[in-house]
Structure formats: C-alpha cells, structure tokens
Amino acid sequence: MAEYDFDLFVIGGGSGGVRAARFSAGMGARVAIAEERFWGGTCVNVGCVPKKLFSYASHFAEEFRDSAGFGWNVGATTLDWPTLRDNKTREIERLNGIYDKMLRGAGCEVLWGTAKVVDPHTVELDGKTFTAANILVAVGGWPFVPDMPGKEHVITSNEAFYLDKLPREIVIVGGGYIAVEFAGIFHGLGVEVTQIYRGSMFLRGFDNDVREHLAQEMGKKGIDVRFDTDIEKVEKKGERLIGHLKGGGIIEADAIMYATGRRPSTGGIGLEDAGVAMNDNGTILVDEHFRTNVPSILALGDILGRIELTPVALAEGGAVARTLFGNNPSTVDYAYVPSAVFSHPPIGSVGLTEEQAREALGDDLDIYLTDFKPLKNTLSGNEERTLMKLVVQHSSDRVVGVHMVGPEAGEMMQGIAIALKAGATKAVFDATIGIHPTSAEEFVTMREVKRSYAREAAE
Ligand code: NDP
C-alpha cells in the first residue's frame with residue numbers, strides 16, 4: 001500500500017469516523033482524518049451529549065415540585081441559563097480535546113479543514129492533495145428547514161444549544177426525536193412551549209400506544225401539542241416571531257425552532273465526480289462492508305440513511321476497520337437496535353412495534369400492556385403515568401418488541417435489548433424474578449394478554 005500517502009483517509013471526525021480511524025491505526029494502518037468543524041461530530045457537539053445535559057437540567061423543575069410531597073421545602077427556584085449553557089459548552093470543549101488527543105495518541109494524522117474527494121484515491125484539503133488506498137466518507141448530516149418565506153428567522157437544534165437568552169415562549173415545529181426532546185427540555189427550563197406537527201400523531205414509526213401515551217403526558221405537563229398544524233411563513237415583528245399557519249391563523253413566540261429532520265452533508269465534496277452512487281436525498285449506497293460502488297471509497301453513519309444513532313455509527317466504524325485492516329470482513333447486525341427518546345417522560349424502545357409486528361407476523365401475535373402510576377408519584381402528587389408494552393410472537397413465544405414511556409426508560413431498555421438479542425421468550429421473562437419495588441419489575445410480571453390477535457383469529 002506504500003504507493004499511497006495513507007492506507008485510510010477518513011473525511012469527518014464524528015463518532016463513526018473517529019472510531020474507524022482509531023481502530024484502523026491500532027491495527028497498524030497509516031491513517032489520516034480530516035474535520036472541518038468540531039471533533040466528535042453532531043453527537044458530542046450539537047446532539048446527544050449537550051442534549052442529555054440539558055435534559056438533566058430540565059428535569060430538576062419537576063423534581064423540585066415533586067419533593068414537596070416528601071416533606072421538602074426548596075423555596076423559590078430560578079434558572080440561570082448562561083450558567084447551564086456555558087457549563088455545557090465547557091464540557092463539550094473538554095470532550096473535543098479528548099477526541100483530538102485520542103486520535104493523535106492512536107497515531108492518526110489529524111487534519112483540520114474541508115476535505116474533498118478528487119478521484120477514487122485522492123483527497124484535496126486546503127490546496128494540498130493526499131493519496132490513500134481507501135477513503136472513508138463519514139460526514140454526517142445537518143438540520144433541514146423547509147423553504148418558506150422568513151426561514152432566516154427560525155433556529156434549529158444547532159442554535160438552541162447556544163442561545164444568548166432563553167426565550168419566554170417557543171414554537172417547535174416537527175414531530176421526530178429532536179422536536180419532542182426539545183419540547184420537554186424547554187418546558188422543563190420554564191419556557192412556554194407549543195409543539196406543532198403536520199400529521200395527526202407525532203413520532204411516526206414508533207409504536208402507536210407509545211405515541212399516544214407521550215402526547216397525553218406532554219399535554220398534562222402543560223406543553224401545548226398541536227397536530228395537523230404547519231407554518232407556511234414566518235414574520236419578524238420587533239423581538240417577536242409570527243408564524244402564519246397553513247389554513248389560516250397565526251402563532252406567536254420569541255423563537256421558532258425547526259426540528260424537521262436532518263439531511264446528509266454529502267453534496268459538494270466531490271463524491272459525484274468520483275462516481276459514487278447516491279440516492280436522490282443524498283444518502284450513499286453501500287454494500288454490507290460499507291463499500292460504495294467505487295471500491296476504494298467507503299461510507300458510514302447518518303449518510304447511509306439507515307439508523308441515525310451514534311452507537312450504530314460506532315459499530316459501523318469498528319466493522320470498517322476490521323474489514324480493511326483486521327483481516328476480518330465484518331458487517332453490522334441491525335436487528336434489535338434499542339433507542340431512547342429523551343422526551344418528558346422518556347421513551348425506551350427495542351424491536352418491533354405492534355404495527356410492524358402485525359405486518360411481519362400477521363395474527364401470530366399477543367400484546368401485553370400496562371399503564372400505571374409509579375410508586376414515587378403516590379407521594380409526589382405528580383400525575384405522570386408509565387406505559388410498558390411487550391409484543392410477543394404467539395407461536396414461538398418470542399418477545400419481538402418492548403416499549404416503554406416513563407422515567408429511566410432508556411436505562412431499562414439496554415438490558416432488555418440483550419434479552420431480545422438472545423432470543424428471550426415470554427416464558428423467560430416470566431421466569432425472571434423482579435426487583436422490588438421498581439417500575440422495571442413490571443416487565444417480568446405482565447401476565448394478562450391485553451390483545452391477542454392469535455386468539456381472535458382462532459375464534
Ligand atoms: P426525524 O426524521 O426523527 O423527524 C423529522 C420530523 O420532521 C418528522 O416529524 C417529520 O414529519 C417532520 N418533517 C419533515 N419534513 C417536514 C416539513 N417539510 N414540514 C414539516 N414537518 C416536517 O428527525 P429529527 O431531526 O428529529 O432527528 C434526526 C435523527 O437523529 C432521528 O431520526 C434519530 O435517528 C436521530 N436522533 C436520535 C436521538 C436519540 O437517540 N435520542 C435524539 C435526536 C436525534 P413526518 O413524520 O410527517 O415525515
């Protein structure tokens with residue numbers, strides 16, 4: 001491979017790119033990695049990590065209120081937004097430094113700037129060209145705001161992390177992960193939140209019971225969630241923003257945040273010129289070993305349009321390194337990838353939704369469902385209820401989907417995902433002794449079938 005400057009040139013220093021670079025260097029490859037904005041990509045800088053820190057911050061408000069029923073008098077509480085924002089930024093900068101150090105420590109050549117693919121083995125960066133046996137494209141995505149008059153006045157999640165001051169009222173547009181998470185975050189931080197979604201129920205693709213339960217709980221907390229609503233134009237009047245609604249009417253706030261999806265940042269980096277095949281939406285087509293149709297160019301992460309989650313990109317980065325330099329052609333198993341939505345209350349989910357299971361298994365299905373008031377809320381007076389659901393294949397007894405809306409759903413779902421990956425049946429769940437008193441024990445004590453498509457079909 002010495003005919004090239006590097007064995008691997010990685011474009012993009014996000015979760016997947018960094019993982020592939022470090023692992024490859026660890027396997028003895030000569031690796032360069034280029035990043036133009038921030039080490040750690042979306043997740044570290046304007047995604048998972050700062051979002052979770054804000055999410056922690058926003059839960060305190062409810063905790064302060066809940067504590068009264070346990071005898072605490074915490075007095076008046078106020079939030080100092082600059083303290084939260086700047087402490088968060090300091091932590092992100094610390095992580096940026098760790099990424100840089102890790103890459104250099106692994107022996108990678110670390111390059112700063114916008115890299116472009118020139119041909120299947122050449123990358124250009126700031127007027128310099130580098131050759132590489134393999135080029136890995138790991139450039140991630142960027143928030144998408146639909147075209148409309150006044151688009152320049154709205155913010156996205158990128159800006160939400162750095163606001164000069166917290167708005168008093170905010171409108172959040174969208175119904176995906178980011179929209180529901182930020183609705184909860186801003187509400188918890190004391191902002192009046194209206195969330196609008198163009199369809200009849202948000203979180204398309206999630207289990208219907210989960211979607212409805214979350215909508216209800218968010219409403220109970222005081223978040224104004226409006227469905228079948230969309231904005232066609234935004235106007236700025238002084239410090240206020242006016243959203244003109246499709247079908248008439250207006251909505252006013254100090255800030256309007258669009259969380260209407262993300263688009264792959266694959267345009268303008270030379271991929272078309274190098275002959276890399278892409279879908280119309282900019283996602284890149286790869287084989288099971290993450291090779292594009294140009295064999296020396298590979299791609300991973302959000303730009304594949306598969307599952308846009310950091311742990312998935314990490315798995316893909318590891319697989320790329322092993323395939324290229326570990327003498328171990330590797331792929332990623334996308335079955336039973338758990339995920340959490342850090343909404344208020346949070347969602348944890350793994351496997352098939354009831355709707356997906358109906359498609360895949362037809363009537364061969366039993367649904368277990370429970371909806372209860374957690375023990376803590378007996379004294380707190382908090383009206384929030386928890387939902388738990390098991391989707392079970394009737395004939396094999398295999399649990400094929402588990403869903404939850406309630407505190408610590410994400411923490412619980414990681415363990416449940418192991419069980420599902422191992423092929424656990426409902427009988428195994430039943431034979432597992434619970435941990436008392438927890439909400440989690442409900443997962444092993446659900447005895448009554450809520451809906452049995454199998455039984456109904458047999459009748
Ligand atoms: P999503 O794709 O999840 O949601 C986009 C939302 O915007 C949908 O509700 C969609 O509606 C709506 N939308 C799209 N286009 C328009 C439009 N033109 N006008 C009005 N509404 C529109 O994107 P997110 O940006 O929320 O998140 C991106 C990805 O990042 C997620 O899919 C997830 O994989 C990842 N992520 C994961 C998190 C986690 O693990 N906790 C947290 C945050 C992000 P419709 O459904 O009708 O198309």
Side-chain angles (χ1 to χ4, degrees), residues 1-50 89-142 158 264-266 268-271 274 284 290 296-303 310-326:
M1 287 194 190
E3 60 185 294
Y4 300 109
D5 298 333
F6 297 103
D7 301 320
L8 176 68
F9 194 109
V10 181
I11 304 178
S15 309
V18 168
R19 171 61 59 91
R22 279 179 52 222
F23 278 26
S24 299
M27 292 170 190
R30 294 169 308 134
V31 178
I33 179 165
E35 166 60 41
E36 62 177 2
R37 195 169 289 112
F38 30 49
W39 291 115
T42 301
C43 180
V44 167
N45 293 277
V46 284
C48 340
V49 176
T89 302
R90 252 192 303 283
E91 173 56 13
I92 301 311
E93 286 167 357
R94 190 183 73 84
L95 295 175
N96 294 148
I98 289 175
Y99 268 70
D100 187 72
K101 224 163 143 183
M102 267 184 341
L103 284 164
R104 290 176 201 275
C108 298
E109 173 103 16
V110 172
L111 302 167
W112 197 247
T114 304
K116 287 197 171 137
V117 177
V118 178
D119 68 37
H121 291 287
T122 312
V123 174
E124 190 254 344
L125 187 142
D126 285 343
K128 278 198 214 142
T129 53
F130 301 89
T131 59
N134 300 281
I135 298 169
L136 174 65
V137 185
V139 292
W142 198 249
N158 281 355
S265 303
T266 47
I269 55 166
L271 295 174
I284 297 184
F290 306 99
S296 60
I297 302 182
L298 298 90
L300 58 67
D302 289 358
I303 58 175
T310 283
V312 171
L314 292 173
E316 292 170 347
V320 164
R322 285 191 297 277
T323 301
L324 293 179
F325 308 110

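Residues I303 and A299 come closest through the heavy atom pair CD1-CB, 4.0 Å. What you find for F9 and A34 is that their closest heavy atoms are CE2-CB, 3.9 Å. When all heavy atoms of G14 and E35 are compared, the closest pair comes out as N-OE1, 4.3 Å. When all heavy atoms are compared, the tightest approach of G28 to D7 is O-OD2, 4.5 Å. The shortest heavy-atom contact between A21 and V10 is CB-CG2, 4.1 Å.
Side-chain atoms of W39 and L103, non-hydrogen and from C-beta on, do get closer than 4.5 Å to each other. The shortest distance between side-chain heavy atoms of H121 and I135 does not fall below 4.5 Å.
Taking CZ of F23 as the reference point, atom CG of L314 lies at 8.5 Å (rounded to 0.5 Å). Rounded to the nearest 0.5 angstrom, T89 OG1 and N45 CG are separated by 10.0 Å. Here the OH-OG1 distance, from Y4 to T122, works out to 8.5 Å after rounding to the nearest 0.5 Å. Note that CD of E316 and CZ of R19 are 11.5 Å apart. Values are rounded to the nearest 0.5 Å. To the nearest 0.5 Å, atoms CG (L271) and CD1 (I284) are separated by 5.0 Å.
With hydrogens and angles disregarded, a donor-acceptor distance shorter than 3.5 Å links the side chain of S296 to the backbone of P120.
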Side-chain donor-acceptor contacts of residues 108-117 below 3.5 Å, not counting sequence neighbours, with atom names and distances?
from, atom 1, to, atom 2, distance (Å)
T114, OG1, E36, OE1, 2.6

Name every donor-acceptor pair, under 3.5 Å, that has one atom in a side chain of residues 124-132 and the other anywhere in the protein, sequence neighbours excluded.
from, atom 1, to, atom 2, distance (Å)
E124, OE2, G127, N, 2.9
T131, OG1, D5, N, 2.8
T131, OG1, D5, OD2, 3.4

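Between L136 and the options L300, I11, L324, a side-chain contact (heavy atoms from CB on, under 4.5 Å) holds for only L300.
Using a 4.0 Å cut-off between a side-chain N of Lys or Arg and a carboxylate O of Asp or Glu, E91 and R94 qualify as a salt bridge.
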>> Run T323 and F290 through side chain to side chain contact (heavy atoms under 4.5 Å, CB included) and show every step you take.
In response: CA-CA 9 Å; T323 301; F290 306 99; over 6 Å; no
